[in-house]
Amino acid sequence: MEQVLATALAEAIDNCQQMGLFRVKTPQKIVVQPPTDSKLKSPGDLSTNIALVLASQAKQPPRQIAQAIVDNLHLDDGLIDKVELAGPGFINFYVHQGWWYQTLLTIEAQKAQYGTLDMGRGEQVQVEFVSANPTGPLHIGHGRGAVVGDVLANILQKAGYDVQREYYINDAGNQMSMLGRSTLARYRQLLDHPVSFPENGYQGEYIKDIARQLVDTAGNSLLDKPEAEAIVQCTQFAKNQILGGIKADLKRFGVRFDQWFSEQSLYQQKLVEQNLEFLEHAGHIEKREGALWLKSSALGDDKDRVVKRSNGEPTYLASDIAYHQHKYQRGFKKIIDIWGADHHGYVDRLKAAVSALGQDPQSLNVLLVQLVSLVREGVPVAMSTRQGEFITLIEVLDEVGVDAARFFFLTRRCDSQLELDLELAKKQSAENPVFYVQYAYARICSVIRQAQQDGIALPTARDVDLKLLKHTDEIELIKKLVEFPALLRGSVLALEPHRLTFYVLELASRFHKYYHRQRVITEQEQETAARLVLVDSIKIVLKIVLDLLGISAPEQM
RNA sequence: GCGCCUGUAGCUCAGCUGGAUAGAGCAACGGACUUCUAAUCCGUAGGUCGUAGGUUCGAAUCCUACCAGGCGUACCA
């Protein structure tokens, strides 16, 4: 419909030019869209601002141009009921009601496939997210990243991309050895052979739990081993325990990965070394002060960055270079990394590295998810894994449930900080917006059940007279359903999964409104049939969105 | 110091690829269950869109400066 109108408008503008009404360059594109302010008392169904856009070029008042365009506009019969000018020069089109009804047929035919797009054309996309170091359990901030990544992957898939979900395990480097040393210290304490706890070690209680398990499986056998060997064994043991816990937590949270990619494997395959050599040959690396530096300042970064320290150890950036090259070599055309916002200083250097590797930095999308700050009973809770003071994801899931937690994390944009008061979240659990949406779904199921009890089978759209859906509430609901594919498209383009939660809230709200004003099952058979078709379409779309969000759709509440 | 994010109703936030009278939820107040689920709905009230300039026919949206909060700014990850 938008396309039809845009074409007709373009012809009308040509006509005006030929008649000498105004002179402009033929516009590249003509935007026809639903009016942005839906609260208008008498909204046009579609609207264009083209006259306003052309006004300055034509040096004429926008309303005059709009009038000229409308006068020369030729549309097929039956599409548009009325065309009118509004405000400073908008042209509003009142779409013939019958057109909206088509959507109900479409939804019924496509069912769960409604809204599926072909934007990606099967292009391979990778979403890498969570990627928390296996040095401690997932906390609430990781939970937010997990949901954002998971839902983003879902919508990319629905938009026609071939999506892979990946978790990068930082199982190399200093942090891991610190984990091993912390575990060994706790282990020795348990066996009455205490040593001083490593400086900057991991002090969380969970390390003690791991040490206890290590005692259970290995007894006191580590006491006699050389320290280096004992540390390696502790590191392995602790890493496996923690990673197992992370995997279990994510599974419970409904977050699934296709691949768990180990940083260590990059070293084992000598990929880190090879990529550094490649960059050196390409002239992107230089030796200074005993260290190797990536000349990233030439590629958009603030300064050059060390990739290999003067003691010969590669930095985190070195393995990340190898990792990202590996991603490209696996065939991904678009790479999305989801990081905590505290890593934002890292974006420019990674993009610089990607350019140095000969890849297009535009293909790397880094999404920064602002951290979740926690408040418990009004007192801010610091979230430092080192200090061991943090609220784990699992604790929050125990308190508010998976559905509510997932929904909550998507109730604001990624780049907006999220303050979560745990006491408040608990209190709100009974009135959490997620229940509002689920309730709408359950209500529809209930209506359909009731109809079946009354001996009314769910009708098919083409067998009913859809024109009976003539109330404003009904048309508004259909328009909301029509909007879904465009909404999905916008979410994908902007990489903004939160738009789905806002959409589904609006859809649920319109349904609840309708439910109160009109009965679905009435005395009139034809009307009931038409309304059941409408309500079933809403049910289908609610389910599609809830599935994308990873939230359950209960048939009864 | 420099960089990134944020600042919209009492509170929590949408709206930000420029468009019409800036929206929603919560809280407040007043209403609605002989009716398909009241976890719902209807109504009232609530605003210098952080401040000041600029661009534009038009700015919450774009640009500049400033203010406030958060986060970065390692041969840590």
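Order of the sequence lines fixes the chain letters, A, B, ..., with proteins taken first and strands second; residue numbering starts at 1 for each chain.
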Novice: Could you report the tightest heavy-atom contact between A:G145 and A:I338, atom names first, then the distance?
Specialist: O-CG2, 4.3 Å
Novice: By nearest nucleotide on RNA chain B, pick out whichever of A:Y514 and A:C414 is the more 5' one.
Specialist: A:C414
Novice: Nearest-Å distance, CZ (A:R309) to C1' (B:rA74)?
Specialist: 10 Å
Novice: Check the distance between B:rC16's C1' and A:L493's CG and give it to me in whole angstrom.
Specialist: 16 Å
Novice: Taking atom C1' of B:rC57 as reference, at what distance in whole Å does atom CG of A:L52 sit?
Specialist: 8 Å
Novice: Counting heavy atoms from C-beta on, name the nucleotide in B:rA77, B:rG19, B:rU40 closest to the side chain of A:Q175.
Specialist: B:rA77
Novice: Could you tell me how far B:rG23 sits from B:rU8 if I compare only their C1' atoms? Round to whole Å.
Specialist: 10 Å
Novice: What's the closest nucleotide to the A:E289 side chain, out of B:rC75, B:rC42, B:rA38?
Specialist: B:rC75
Novice: Do the side chains of A:K295 and A:D304 get close enough for a salt bridge, i.e. N-O under 4.0 angstrom?
Specialist: no
Novice: For A:R517 and B:rU35, is the shortest distance between a side-chain N/O and OP1 or OP2 below 4.0 Å?
Specialist: no
Novice: For the side chain of A:F435, counting heavy atoms from C-beta on, which of B:rG19, B:rC13, B:rA39 is nearest?
Specialist: B:rA39
Novice: To the side chain of A:Y436, which of B:rA14, B:rU40, B:rA77 is closest?
Specialist: B:rU40
Novice: Decide yes or no, distance alone: a donor-acceptor N/O pair under 3.5 angstrom between the base of B:rA77 and the side-chain of A:T315.
Specialist: no
Novice: Roughly how many Å is it from CZ in A:R519 to P in B:rA38, rounded to a whole number?
Specialist: 10 Å
Novice: Would you tell me if any nitrogen or oxygen in the side chain of A:Y316 comes within less than 4.0 Å of OP1 or OP2 on B:rC75?
Specialist: no
Novice: Is a side-chain donor-acceptor pair under 3.5 Å present for A:T528 with A:T522?
Specialist: yes
Novice: Rounding to an integer number of angstrom, what distance separates B:rC66 and B:rC2 when you compare their P atoms?
Specialist: 8 Å
Novice: Does A:E525, at its CD atom, have more than 12 non-hydrogen atoms belonging to other residues, nucleotides or ligands within less than 6.0 Å?
Specialist: no
Novice: Indicate whether any N or O donor in one side chain lies under 3.5 Å from an N or O acceptor in the other, for A:D337 and A:H324.
Specialist: yes
Novice: The side chain of A:K303 is closest to which nucleotide in this list: B:rU35, B:rU73, B:rC75?
Specialist: B:rU73
Novice: When you compare B:rU44 with B:rU48, how far apart are their C1' atoms, in angstrom units rounded to a whole number?
Specialist: 24 Å
Novice: Is any N or O donor-acceptor pair between the side chain of A:S310 and the base of B:rC75 shorter than 3.5 Å?
Specialist: yes
Novice: Do the side-chain N or O atoms of A:R413 get closer than 4.0 angstrom to the phosphate oxygens (OP1, OP2) of B:rU6?
Specialist: yes
Novice: Using the six-membered base ring of B:rA20, report whether A:F90 stacks on it, requiring centroids under 5.5 Å and planes under 30° apart.
Specialist: yes
Novice: Within the 4.0 Å heavy-atom criterion, would you say A:R412 contacts the bases, only the backbone, or no part of the nucleic acid?
Specialist: sugar-phosphate
Novice: Which part of the nucleic acid, if any, lies within reach of A:E523 when heavy atoms closer than 4.0 Å are counted: base, sugar-phosphate only, or nothing?
Specialist: nothing
Novice: Give the nucleotide from the list B:rG19, B:rA14, B:rA77 with an atom nearest to the side chain of A:H498.
Specialist: B:rA14
Novice: Return one dot-bracket line describing RNA chain B 5' to 3' (Watson-Crick or G-U wobble pairs, both distances under 3.5 Å; ( ) same strand, [ ] crossing, | another strand, . none).
Specialist: (((((((..((((.....[...)))).(((((.......))))).....(((((..]....))))))))))))....
Novice: Let's see if you can work this out: which of B:rC41, B:rA20, B:rA14 has an atom nearest to the side-chain heavy atoms of A:S416?
Specialist: B:rA14
Novice: When the C1' atoms of B:rU6 and B:rU61 are compared, how many Å lie between them, rounded to an integer?
Specialist: 15 Å
Novice: Verify the contact: side-chain N or O of A:R443 to OP1 or OP2 of B:rA38, cut-off strictly under 4.0 Å; return yes or no.
Specialist: yes
Novice: Rounded to whole Å, how long is the line connecting atom CZ of A:R510 with atom P of B:rC41?
Specialist: 14 Å
Novice: Expressed as a whole number of angstroms, how long is the span from A:I538:CD1 to B:rC36:C1'?
Specialist: 14 Å
Novice: Remember a base hit wins even if backbone is also touched, and classify A:D415 as base, sugar-phosphate or nothing at under 4.0 Å, heavy atoms.
Specialist: sugar-phosphate
Novice: Mind checking if A:S509 touches a base, just sugar-phosphate, or nothing, with heavy atoms under 4.0 Å?
Specialist: nothing
Novice: Counting any heavy atom closer than 4.0 Å, what does A:V53 reach on the DNA or RNA strands: base, sugar-phosphate only, or nothing?
Specialist: base
Novice: Any donor-acceptor pair under 3.5 Å linking the side-chain atoms of A:E496 with those of A:S491?
Specialist: no
Novice: The criterion is ring pair (Phe, Tyr, Trp, His ring centres under 6.0 Å); which residues satisfy it with A:Y514, sequence neighbours excluded?
Specialist: none
Novice: Base of B:rA77, side chain of A:D320 - is there a donor-acceptor contact under 3.5 Å?
Specialist: no
Novice: Could you state the interatomic distance from CG (A:L493) to CG (A:L488), rounded to the nearest 0.5 Å?
Specialist: 9.5 Å
Novice: Do A:Q370 and A:S416 get their side chains close enough for a donor-acceptor pair, meaning under 3.5 Å?
Specialist: no
Novice: Verify the contact: side-chain N or O of A:H516 to OP1 or OP2 of B:rG31, cut-off strictly under 4.0 Å; return yes or no.
Specialist: no
Novice: If the cut-off is 4.0 Å, is A:K513 near the phosphate of B:rU40, judged by side-chain N/O to OP1 or OP2?
Specialist: no
Novice: On RNA chain B, does the nearest nucleotide to A:A508 precede the nearest nucleotide to A:N170 from the 5' side, or the other way round? Give the residue.
Specialist: A:A508
Novice: Quick check, are the ring centers of A:Y323 and A:F261 under 6.0 angstrom apart?
Specialist: yes
Novice: Measure from the ring center of A:Y439 to the ring center of A:H512 and say whether it is less than 6.0 Å.
Specialist: yes
Novice: Where do N or O atoms of nucleotides 67-72 of chain B meet protein N or O atoms at under 3.5 Å, pair by pair?
Specialist:
| residue | atom | partner | partner atom | Å |
| --- | --- | --- | --- | --- |
| B:rG72 | O2' | A:G345 | N | 3.4 |

Novice: Which of parallel (below 30°), tilted (30 to 60°) and perpendicular (above 60°) describes A:F511 and A:Y515?
Specialist: tilted
Novice: Report the distance from atom CG of A:L276 to atom CD1 of A:I285, rounding to the nearest 0.5 Å.
Specialist: 5.0 Å
Novice: May I ask you to say what A:Q556 touches in the nucleic acid, namely base, sugar-phosphate or nothing, with a heavy-atom cut-off under 4.0 Å?
Specialist: base
Novice: On a whole-Å scale, what distance lies between the P atoms belonging to B:rU40 and B:rG25?
Specialist: 11 Å
Novice: Base, sugar-phosphate alone, or nothing: which one does A:Y439 contact when heavy atoms must sit under 4.0 Å apart?
Specialist: base
Novice: For A:A451, answer base if it contacts any base atom (sugar-phosphate contacts may also be present), sugar-phosphate if it contacts only those atoms, and nothing otherwise; contact means non-hydrogen atoms under 4.0 Å.
Specialist: nothing
